[in-house]
Amino acid sequence: MKLLYKFNLLLLLIFGLGWFATAAMTRDVLRDNARREVVTHASLMMDAAMAAREYTTNEVKPLLAEGMLTAFLPQSVPSYAATQSFNKLHQTHPDFSYKEAALNPTNPRDRVADWEADVVRQFRDHTELKEVIGDRQTPSGPSLYLARPIRISDGRCLACHSTPAAAPATMKALYGVNNGFGWKLGETIGSQIVSVPLAVPQREAERAYTLIMGGMALTFGALLLALNAMFYLLVLRPVRRISHIADAVSAGQMDAAPFPAGGRDEIAVLGQAFNRLRRSLEKAMALLA
């Protein structure tokens, strides 16, 4: 095998190993970054929902206290306020959603779907859990969900949700007496669930991966061409000229042109040494004649 082939084979082997190792690490890093970005968005949405709940509890509900005596106003309920605000967001970003899913909700729209029931049961079975993050498939593609438990930690909630008899008449007139009762202090009755699409960040991660690996391949290709040209011009071509001159001299062609050994690199030093050897050989041959 020629020296140039060996040189290229070694470079290709090194690049191949490096390319595959870099590809694996880069794809994992980009996917992890995309997922962390989605989790960050979901956390911000959850914090916004909590802010809406606290605002309703502390500032809106007291203003509606008198109106609640004659009619139940859902706007005074923190979960209703948070859900309604995110329904506005859902109109312009249909893949983003927020829901306060409950096993036995007062408002039927908050009843858990099958996969949401699994999340709520997970919180009920593991009371130490504060947050759950998972993936699921939706009609529009993969989606990440972030869920936090809804636990009855304030006894004031039981004024409306313990028994139908204890609940305000205005609430029963609006929602009936069949749902949203029987809650207990400390019980996990549902979960706040934020859903954020994964498809767009994943596509961006794949695009970045393609650009990085494609750029790496192009860079190596240009480097390979440059190294081959340099190797040929600075090493192979001079060595071939020395070899041809040596063949000619060994065949008795003493008039063969000398090797032009200018410079101070290793090839130039080799050429100078070859020229000295040739002159010594010519002198020796002249003496013998």
Side-chain angles (χ1 to χ4, degrees), residues 1-41 133 135 141-142 144 196-289:
M1 184 182 294
K2 291 186 177 181
L3 185 61
L4 186 61
Y5 295 159
K6 294 179 180 179
F7 178 73
N8 280 284
L9 184 61
L10 178 61
L11 285 179
L12 288 171
L13 178 62
I14 294 173
F15 172 75
L17 293 175
W19 196 88
F20 282 112
T22 302
M25 290 187 294
T26 301
R27 173 162 282 175
D28 289 342
V29 168
L30 290 174
R31 285 179 174 176
D32 289 343
N33 286 342
R35 185 175 179 83
R36 279 196 296 269
E37 179 184 350
V38 174
V39 171
T40 299
H41 291 166
I133 298 174
D135 299 346
L144 178 142
V196 180
L198 276 170
V200 173
Q202 285 180 345
R203 281 198 302 268
E204 289 299 317
E206 288 298 323
R207 179 174 176 272
Y209 170 79
T210 301
L211 289 175
I212 291 172
M213 300 313 300
M216 184 176 175
L218 289 175
T219 300
F220 175 77
L223 182 62
L224 186 64
L225 290 175
L227 288 174
N228 271 270
M230 186 174 65
F231 189 67
Y232 175 78
L233 293 174
L234 300 181
V235 179
L236 289 183
R237 190 168 68 172
V239 168
R240 286 176 180 174
R241 291 188 67 180
I242 293 175
S243 176
H244 291 158
I245 295 171
D247 286 341
V249 172
S250 66
Q253 299 177 19
M254 294 303 177
D255 59 344
F259 179 77
R264 296 184 178 181
D265 60 18
E266 289 79 358
I267 297 298
V269 172
L270 175 62
Q272 293 165 8
F274 174 76
N275 287 335
R276 287 195 300 271
L277 176 63
R278 178 184 175 181
R279 288 194 295 270
S280 298
L281 180 60
E282 289 176 348
K283 290 178 182 179
M285 295 296 292
L287 291 174
L288 289 175

Would you give me the side-chain donor-acceptor pairs under 3.5 Å for residues 196-204, sequence neighbours excluded?
none

Show me the side-chain donor-acceptor pairs of residues 210-236 shorter than 3.5 Å, one per line, residues at least two apart or across chains.
from   : atom 1 : to     : atom 2 : distance (Å)
Thr210 : OG1    : Glu206 : O      : 3.0
Thr219 : OG1    : Gly215 : O      : 2.7
Asn228 : OD1    : Asn8   : ND2    : 2.7
Asn228 : ND2    : Asn8   : OD1    : 2.7
Asn228 : ND2    : Leu224 : O      : 2.7

message = So, using side-chain hydrogen bond (donor to acceptor under 3.5 Å, both in side chains) as the criterion, who are the partners of Arg207 when residues are at least two apart?
response = none
message = Going by salt bridge (charged side-chain N to carboxylate O under 4.0 Å, His left out), name the residues that satisfy it together with Asp32, two or more places apart in sequence or in a different chain.
response = none
task = Evaluate the side-chain proximity of His41 to Leu144: yes if any heavy-atom separation is below 4.5 Å, no if none is.
result = no
request  = Among residues two or more places apart or on two chains, list those pairs meeting salt bridge (Lys or Arg N to Asp or Glu O under 4.0 Å) that have a residue in residues 13-24.
outcome  = none
key: side chain to side chain donor-acceptor pair (under 3.5 Å): pairs with one or both residues in residues 14-24, sequence neighbours excluded   = none
